[in-house]
Amino acid sequence: MNHNAVQIVSGSVTISDLPAFLQSLNDFSSKYNIKIQGFDTRKIIDTDHLLFSIYRARFAFENHVNQAKDISLETLRFSSGQRKIDKSFSMGLIQGENRSIFVLFGDSKELLENAENAFKLEFSLKESADLTIEEKKPFLMKQFGITDEELSAAGDNRLKDLIMERVALVDVTR
């Protein structure tokens, strides 16, 4: 599986049993021959953040410097700004109500379109309004270790730049 195609799906989902939900995601992935990674929307500044993380994960695999065994976890690692996989799980889903973003990886757009439709039905994914940067700000600052002083020095409108910098530097500071 080369995972050349990517589909980003967002929505709200309620998770009553997180381990069972994650197992269901794994089973669904196997059934549709795809990989899926779920994210807490509050910790993803925008689609560029995800796309850059996917780019960095692919680059890591192409150059045999990946830390994770699959593209979905490597993307999670980069999107979190963390070198260690176990620390990157803080970006993921939680038990209870989730505003989520799921990244589906597969071999073709057609495969992913079919999987996306089935995914939305199987996991009762509901449409939800996107959060504003201001609503996400406290979660993003905590996730990426950005202090009020750092943001003030960079400028309030530079939060995205600070996050993208952390994604870019994940493997530079080995």
Side-chain angles (χ1 to χ4, degrees), residues 3-15 18 21-22 25 35-105 112 116 125-174:
H3 302 102
N4 283 335
V6 173
Q7 189 76 17
I8 297 173
V9 182
S10 62
S12 185
V13 64
T14 301
I15 301 173
L18 185 59
F21 183 84
L22 295 175
L25 279 181
K35 293 286 183 183
I36 303 172
Q37 186 59 58
F39 296 89
D40 179 342
T41 299
R42 300 172 301 176
K43 297 177 182 177
I44 299 293
I45 195 154
D46 62 14
T47 305
D48 291 342
H49 177 181
L50 278 178
L51 294 174
F52 186 52
S53 300
I54 293 165
Y55 168 80
R56 297 279 293 137
R58 284 181 172 159
F59 184 83
F61 270 92
E62 289 167 7
N63 290 283
H64 308 288
V65 293
N66 50 298
Q67 299 291 315
K69 292 179 183 174
D70 71 56
I71 191 71
S72 61
L73 282 177
E74 193 73 0
T75 299
L76 178 70
R77 188 173 77 84
F78 276 103
S79 68
S80 71
Q82 298 289 330
R83 277 193 62 229
K84 302 216 179 258
I85 297 167
D86 61 335
K87 289 185 176 184
S88 67
F89 291 129
S90 60
M91 294 290 288
L93 305 169
I94 59 172
Q95 199 152 299
E97 184 66 27
N98 285 265
R99 282 193 173 173
S100 310
I101 298 175
F102 295 91
V103 180
L104 284 60
F105 299 88
L112 289 179
E116 177 185 355
L125 198 65
K126 299 172 190 77
E127 286 192 36
S128 60
D130 196 16
L131 298 172
T132 66
I133 300 293
E134 278 306 309
E135 290 172 306
K136 294 179 181 185
K137 186 176 174 181
F139 300 99
L140 291 165
M141 289 179 69
K142 182 177 179 185
Q143 175 65 42
F144 292 94
I146 298 169
T147 64
D148 289 328
E149 294 79 14
E150 182 181 10
L151 187 58
S152 179
D156 250 1
N157 60 339
R158 304 289 305 273
L159 181 59
K160 179 178 178 175
D161 295 333
L162 293 171
I163 291 168
M164 298 298 266
E165 177 182 63
R166 280 161 169 83
V167 172
L169 295 175
V170 166
D171 282 340
V172 174
T173 55
R174 285 189 177 201

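Note that this is a predicted model, so its numbers are computed, not measured.
- Residues Met141 and Leu159 share a closest heavy-atom pair of CG-CD1, 4.1 Å.
- Ser53 and Val167 make their closest contact through OG-CG1, 3.8 Å (heavy atoms, listed as atom of the first residue, atom of the second, distance).
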Where do Val13 and Phe21 land on the side chain to side chain contact (heavy atoms under 4.5 Å, CB included) test, with the steps shown first? CA-CA 10 Å; Val13 64; Phe21 183 84; 4.0 Å; yes

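- A donor-acceptor pair is defined here as one N or O able to donate and one able to accept, closer than 3.5 Å; no such pair exists between the side chain of Asp171 and the backbone of Leu169.
- Here the side chains of Gln67 and Val170 are not in contact, with every heavy-atom distance at 4.5 Å or above.
- If you take CD on Glu74 and NZ on Lys69, they are separated by 12.5 Å, rounding to the nearest 0.5 Å.
- For Glu150, the side chain to side chain contact (heavy atoms under 4.5 Å, CB included) test picks out Ile146, Thr147, Leu162, Arg166, with sequence neighbours left out.
- The closest side-chain heavy-atom distance from Phe139 to Ile45 is not below 4.5 Å.
- Partners of Lys160 according to the side-chain hydrogen bond (donor to acceptor under 3.5 Å, both in side chains) rule, which considers only residues two or more places apart in sequence or in another chain, are Asp46, Asp48.
- Of the possible donor and acceptor atoms, none in the side chain of Ser152 sits under 3.5 Å from a partner among the backbone N and O of Asp148.
- Using a 3.5 Å distance cut-off with no hydrogens or angles, the side chains of Glu97 and Ser12 do pair a donor with an acceptor.
- For the pair Ile36 and Phe102, the tightest heavy-atom approach, listed with the atom from each and the gap, is CG2-CD2, 4.0 Å.
- The shortest non-hydrogen separation linking Leu93 to Leu18 is O-CD2, 3.8 Å.
- Looking only at distances, no side-chain donor or acceptor of Gln37 sits under 3.5 Å from a matching main-chain atom of Val103.
- Between Ser10 and Asp130, the closest side-chain pair of non-hydrogen atoms is not below 4.5 Å.
- Between the CD1 atom of Ile54 and the CG atom of Leu76 there is a distance of 11.5 Å, given to the nearest 0.5 Å.
- Here the side chains of Lys87 and Ser80 are not in contact, with every heavy-atom distance at 4.5 Å or above.
- Within the 4.5 Å cutoff, side-chain heavy atoms of Lys136 are placed close to those of Thr41.
- Side-chain atoms of Gln82 do not come within 3.5 Å of backbone N or O of Ser88 as any donor-acceptor pair.
- To the nearest 0.5 Å, the span separating CD1 on Ile8 from CD on Glu116 amounts to 10.5 Å.
- Here the two rings, on His49 and Phe39, have centers that are 6.0 Å apart or farther.
- Here the OG atom belonging to Ser79 is positioned 9.5 Å from the CD1 atom belonging to Ile101, to the nearest 0.5 angstrom.
- Scored by the salt bridge (Lys or Arg N to Asp or Glu O under 4.0 Å) test, Arg42 finds Asp40 as partners (sequence neighbours excluded).
- Counting heavy atoms from C-beta on, the side chains of Ile94 and Ile15 never come closer than 4.5 Å.
- Rounded to the nearest 0.5 Å, atoms CE (Met91) and CZ (Phe144) are 4.5 Å apart.
- From Leu50, atom CG reaches atom CZ of Phe78 across 14.0 Å, with rounding to the nearest 0.5 Å.
- In this structure, the side chain of Arg58 engages the main chain of Asn4 through a donor-acceptor pair within 3.5 Å.
- Of all non-hydrogen atoms in Ala168 and Arg56, the two that sit nearest each other are O-NH2, 3.1 Å.
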